[in-house]
Amino acid sequence: MSIRIIISAFTIVLLFTSCGIKSNLTVPAKQQFVLGGEQKGAFKVKYENTGDETVTLKEISDTGKEIQSLKVEPGENGTVNFQKSSKALVINEQGQKARLKVKITGDTNKLGMKYTDVD
């Protein structure tokens with residue numbers, strides 16, 4: 001394998017990991033989006049509520065303890081830091097789907113993603 005191929009592959013990996021994950025996230029009514037839980041490092045979520053519904057962002061530790069919680073009104077934006085092995089919940093308790101723009105950076109390896117019903 002040539003040194004050029006190795007450098008090119010390294011550059012692609014570096015660009016991907018430095019850019020993070022960008023998404024136009026939609027959370028159906030009465031559902032929550034669960035992000036993380038098995039990652040070995042911390043991660044950060046930059047968000048903007050682009051929809052018409054208020055959502056709740058929560059951080060849940062690997063032991064199930066709530067670490068932080070905040071309401072995000074339509075039009076609001078900000079950044080939340082999450083600890084290693086914790087989960088980020090984007091909770092939509094409203095009757096209509098919620099929409100957010102998100103950018104996730106930090107440890108995105110093994111960053112699970114799924115939808116579940118609101119507890």
Side-chain angles (χ1 to χ4, degrees):
M1 189 179 275
S2 78
I3 192 73
R4 262 187 160 157
I5 294 172
I6 293 171
I7 291 172
S8 294
F10 178 74
T11 302
I12 291 169
V13 169
L14 184 61
L15 285 172
F16 181 76
T17 56
S18 66
C19 293
I21 300 169
K22 293 181 182 179
S23 177
N24 288 312
L25 178 65
T26 300
V27 183
K30 307 293 184 196
Q31 295 227 328
Q32 61 188 6
F33 179 72
V34 182
L35 176 67
E38 295 184 26
Q39 71 286 350
K40 301 224 183 278
F43 65 98
K44 182 184 339 183
V45 176
K46 183 176 180 179
Y47 63 86
E48 178 184 0
N49 186 342
T50 58
D52 298 324
E53 303 296 330
T54 299
V55 297
T56 303
L57 295 179
K58 287 187 180 183
E59 179 178 10
I60 306 297
S61 73
D62 58 350
T63 61
K65 178 183 172 194
E66 185 178 304
I67 298 170
Q68 59 180 323
S69 177
L70 63 123
K71 294 276 187 194
V72 180
E73 301 291 333
E76 288 186 341
N77 61 64
T79 302
V80 182
N81 294 304
F82 294 89
Q83 301 174 11
K84 68 178 184 174
S85 300
S86 70
K87 293 178 186 175
L89 304 181
V90 181
I91 304 167
N92 179 10
E93 297 177 303
Q94 308 302 315
Q96 301 294 319
K97 67 182 172 186
R99 288 185 218 89
L100 296 96
K101 282 186 182 179
V102 296
K103 180 177 181 183
I104 306 158
T105 55
D107 186 0
T108 57
N109 292 326
K110 291 192 173 184
L111 198 61
M113 300 178 195
K114 65 181 178 180
Y115 290 93
T116 62
D117 292 332
V118 173
D119 296 332

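Fair warning: this is a prediction, and the values are worked out from it, not measured in the lab.
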Heavy atoms only: give me the nearest [X]-[Y] pair and the separation to one decimal.
X: Gly51; Y: Pro74; result: O-CB, 3.3 Å
X: Thr108; Y: Leu111; result: O-CB, 3.3 Å
X: Asn92; Y: Pro28; result: ND2-O, 3.3 Å
X: Met113; Y: Leu35; result: CG-CD1, 3.6 Å

Excluding sequence neighbours, so at least two apart, what forms side chain to side chain donor-acceptor pair (under 3.5 Å) with [X]?
X: Ser23; result: none
X: Thr50; result: none
X: Asp117; result: Gln31
X: Thr26; result: none

| message | Working to the nearest 0.5 angstrom, can you tell me the gap between Leu25 CG and Ile104 CD1? | response | 8.0 Å

| message | Measuring from atom NZ of Lys71 to atom OG1 of Thr56, what distance do you get when rounded to the nearest 0.5 angstrom? | response |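 So the NZ of Lys71 and the OG1 of Thr56 are separated by 3.0 Å.
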
| message | Keeping Lys30 on the side-chain end and Glu93 on the backbone end, is there a donor-acceptor pair under 3.5 Å? | response |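 Yes: the side chain of Lys30 pairs with the backbone of Glu93.
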
Is there a path of hydrophobic side-chain contacts, each under 4.5 Å between heavy atoms of I/L/V/M/F/W/Y residues, joining [Y] to [X]?
X: Leu70; Y: Phe33; value: yes
X: Leu89; Y: Leu100; value: no
X: Ile91; Y: Leu57; value: no
X: Val102; Y: Val34; value: no

| message | Once salt bridge (Lys or Arg N to Asp or Glu O under 4.0 Å) is applied, what residue pairs with a partner in residues 56-69 remain, sequence neighbours excluded? | response | Lys58-Glu66

| task | Inspect the surroundings of CD in Gln96 and state if more than 12 heavy atoms from other residues, nucleotides or ligands are less than 6.0 Å away. | result | no

| Fellow cluster residues of Ile67, listed by chain then number, with links counted only when side-chain atoms sit under 4.5 Å apart | none

| Partners of Lys110 by side-chain contact (heavy atoms from CB on, under 4.5 Å), sequence neighbours excluded? | Glu38

| request: Just do the side chain to side chain contact (heavy atoms under 4.5 Å, CB included) check on Val55 and Asn49 with the steps written out, would you? | output: CA-CA 8 Å; Val55 297; Asn49 186 342; 4.2 Å; yes

Report all side-chain donor-acceptor pairs from residues 39-48 shorter than 3.5 Å, counting only partners two or more places apart or in another chain.
{"unit_1": "Gln39", "atom_1": "OE1", "unit_2": "Gly37", "atom_2": "N", "d": "2.7"}
{"unit_1": "Gln39", "atom_1": "NE2", "unit_2": "Ser86", "atom_2": "O", "d": "2.9"}

| field | side chain to side chain donor-acceptor pair (under 3.5 Å) pairs, two or more places apart, involving residues 73-84 | value | Thr54-Glu73

